[in-house]
Amino acid sequence: MKIVVTRAIDEARLSPLEGHHLVVWPHQTQMPHDELVAELSGATGVVSHLTDRLDRETIVSAGDLRAVSQVAVGVDNIDLGVCTERRIPVGHTPDVLTETTADTAWALLASAVRRIPEGRDHVLAGAWGPWRPDLLLGGDLHDTTLGVVGLGRIGAAVARRAAGFAMKVLYAGPRRKPHLEAELRASYRPLENLVREADHIVVTVPLSESTRGLIGTPELEAMKPDATLVNVSRGPVVDTTALTEALDRGLLAGVALDVTDPEPLPADHPLLGHPNCLVIPHLGSASRRTRAAMVDLAISNMAEALGGRRMPACANPEVYG
Ligand code: GLV
């Protein structure tokens, strides 16, 4: 069976797919969409990445496709609806990246709150003079209130770490999670209350039509003047124009984004002109160990599907119903 793999992956990690006709894009950069569409003709499976556009048209044109396996937990680049209609299981990589992504969220939060990038800029600009008591004063993490938007796997792992900083934890989301409330000593708040009460807000919800633009002008205006906002989910969950305007108006003490809209963010984008806005290039799960585990899970999802078995991690399990 023909399987398209959209980024270069170590041959050893592909061994569970031995015996199949593998078409592996030999680069770490994105496979151009027209090449992807051309290669999907006659393909039974595709091992995809979050930048591959697997929309309705692409899936429909790939008439022989029986399995999609994405090397990411988020699958917003894939039309899940059409895959489910066609009984194509879509694999993804939850769990294996949870802790690394939560670590990244905390790295961003601590950096923004303690103004680490501004300190580095100051040193590199040659502005470092004799010590002064008023230089780059920031906020605190300890004894503050953390607001987690979306208490899924990653959100819960972010909240779990807050205990080490003696923080109060609030969360917002589409439903209450009593077992996590007890474990994490977290309290539920509607989003409009959470943004008012939290000192630091970390966004971890998946992108969907209901979360697109979830953090917009009303939410940003409601945040405390010294609030910090971190996004490790998907760029469009935070409205970029609203965020840029909020920073222009001096709202929020700090922003730290692992994801942006658009992505990549052009080097001359106004957000990058704000010294209190830290942007990193979508590195949430980017540890060596976790990226290897993601590939292994994605390959195992594909191998199981090709063998006629249930994928270990499927984003549309209703196909098995
Ligand atoms: C990364 O953003 C992922 O969805 O795994």
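Just follow the structure's listing: the first ligand is 1, and inside any ligand the first atom is 1. From a predicted model like this one, the values you see are computed outputs, not experimental measurements.
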Residue list, ring pair (Phe, Tyr, Trp, His ring centres under 6.0 Å) with His27, at least two apart or on another chain: Trp25
Residues Asp55, Arg53: salt bridge by 4.0 Å N-O rule: yes
Arg196 and Glu221 ion-paired at < 4.0 Å: no
Geometric class of the Phe165/Trp106 ring pair [parallel <30°, tilted 30-60°, perpendicular >60°]: parallel
First-shell residues of ligand 1 [heavy atom, distance under 4.0 Å]: Leu50, Ala72, Val73, Gly74, Leu97, Arg234, His282
Sequence neighbours excluded - ring pair (Phe, Tyr, Trp, His ring centres under 6.0 Å) pairs with any residue from residues 117-149: none
Pairs flagged by ring pair (Phe, Tyr, Trp, His ring centres under 6.0 Å) wherever residues 291-321 is involved - sequence neighbours left out: none
